[in-house]
There are 2 protein chains.
Amino acid sequence: MEFEIDFRSKTPSYQQLAGKIRQAIAAGQYAADDKLPSLKRFTQETGLAQGTVQKAIKLLEAEGLIYTVNGRGTFVTGPPRSLSA
Amino acid sequence: MEFEIDFRSKTPSYQQLAGKIRQAIAAGQYAADDKLPSLKRFTQETGLAQGTVQKAIKLLEAEGLIYTVNGRGTFVTGPPRSLSA
DNA sequence: AGATATTTGTTCGTATGTATC
DNA sequence: GGATACATACGAACAAATATC
């Protein structure tokens, strides 16, 4: 029930999901460079369509919280590395 | 033919469209706070689905180049106002 | 090398909701 | 109320990149 969506809420599903993922990361459930569940697993656990899950992911990616790699998965952004040099 | 899409290109349609719009703005075809064509008009002129057009729009919005208002339309972002004070 | 599976990326068509005109 | 315009969401299909066998 980790990422459950309230379909009767007026808050859009993708925002709800983004919030839950944000919380999970903030709670230390996923560390830097840890892999998040796949889109498919999110669709299964939430009942949302892939496009909707992806929208949540892209939102967090825009925030710089996570990053995605085609063919590999979605990962938590690590703390800023010391700038080159 | 203003915003024509090359469907044989390897560049995704939404990126192509975003590029064309970016150019049109850079070319001074739309001034600050000018209204861009509606999603519907873009779908008609390009042959793309609404979701794809919207993806292009959201990309430019993320860049800060344009902004959208539900029920009104999409507009060109003006030059930065002097910071409050 | 090749086949297969997994995972994210792109795109369509459609429907409905919300806001504005 | 009606028309217009952007927002959310579904289901489906296929492409592209990666991983595994």
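Numbered from 1 within each chain, the chains take letters A, B, ... in sequence-line order.
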Under a single-linkage rule joining Ile, Leu, Val, Met, Phe, Trp and Tyr whose side-chain heavy atoms are separated by less than 4.5 Å, which residues share a cluster with B/Tyr67? B/Val69, B/Phe75
With sequence neighbours excluded, tell me which residues meet salt bridge (Lys or Arg N to Asp or Glu O under 4.0 Å) with A/Arg72. none
List for me each residue that meets salt bridge (Lys or Arg N to Asp or Glu O under 4.0 Å) alongside B/Glu2, sequence neighbours excluded, and say none if there are none. none
A/Phe42 CZ to C/dT8 P, in whole Å, measures 9 Å
In whole Å, what is the span from the CZ atom of B/Phe75 to the C1' atom of C/dT20? 10 Å
OP1 or OP2 of C/dT8 under 4.0 Å from side-chain N/O of A/Thr74: yes
Looking at D/dA7, I'd like to know if its phosphate oxygens (OP1 or OP2) sit under 4.0 Å from a side-chain N or O belonging to B/Thr68. yes
Contacts of type side-chain contact (heavy atoms from CB on, under 4.5 Å), residue B/Gln54, not counting sequence neighbours: B/Leu39, B/Gln50
With sequence neighbours excluded, tell me which residues meet side-chain contact (heavy atoms from CB on, under 4.5 Å) with A/Glu4. A/Met1
Under the ring pair (Phe, Tyr, Trp, His ring centres under 6.0 Å) test, which residues partner B/Tyr14, sequence neighbours left out? none
What residues, two or more places apart in sequence or in another chain, satisfy ring pair (Phe, Tyr, Trp, His ring centres under 6.0 Å) together with B/Phe3? B/Phe42
Each nucleotide N or O in nucleotides 8-10 of chain D that has a protein N or O under 3.5 Å away: list the pair and distance.
unit_1: D/dT8; atom_1: OP1; unit_2: A/Tyr14; atom_2: OH; d: 2.8
unit_1: D/dT8; atom_1: OP2; unit_2: A/Tyr14; atom_2: OH; d: 3.3
unit_1: D/dT8; atom_1: OP2; unit_2: A/Lys55; atom_2: NZ; d: 3.3
unit_1: D/dA9; atom_1: OP1; unit_2: A/Ser13; atom_2: N; d: 2.4
unit_1: D/dA9; atom_1: OP1; unit_2: A/Ser13; atom_2: OG; d: 2.8
unit_1: D/dA9; atom_1: OP2; unit_2: A/Ser13; atom_2: N; d: 3.4
unit_1: D/dA9; atom_1: OP2; unit_2: A/Tyr14; atom_2: N; d: 3.3
unit_1: D/dC10; atom_1: OP2; unit_2: A/Ala49; atom_2: N; d: 3.0
unit_1: D/dC10; atom_1: OP2; unit_2: A/Thr52; atom_2: OG1; d: 2.4

For A/Leu59 and A/Ala18, work out which heavy atoms get closest and say how close. CD2-CB, 3.9 Å
Please list each protein N or O that sits under 3.5 Å from an N or O in nucleotides 17-21 of chain D, with the distance.
unit_1: D/dA17; atom_1: O4'; unit_2: A/Asn70; atom_2: ND2; d: 3.4

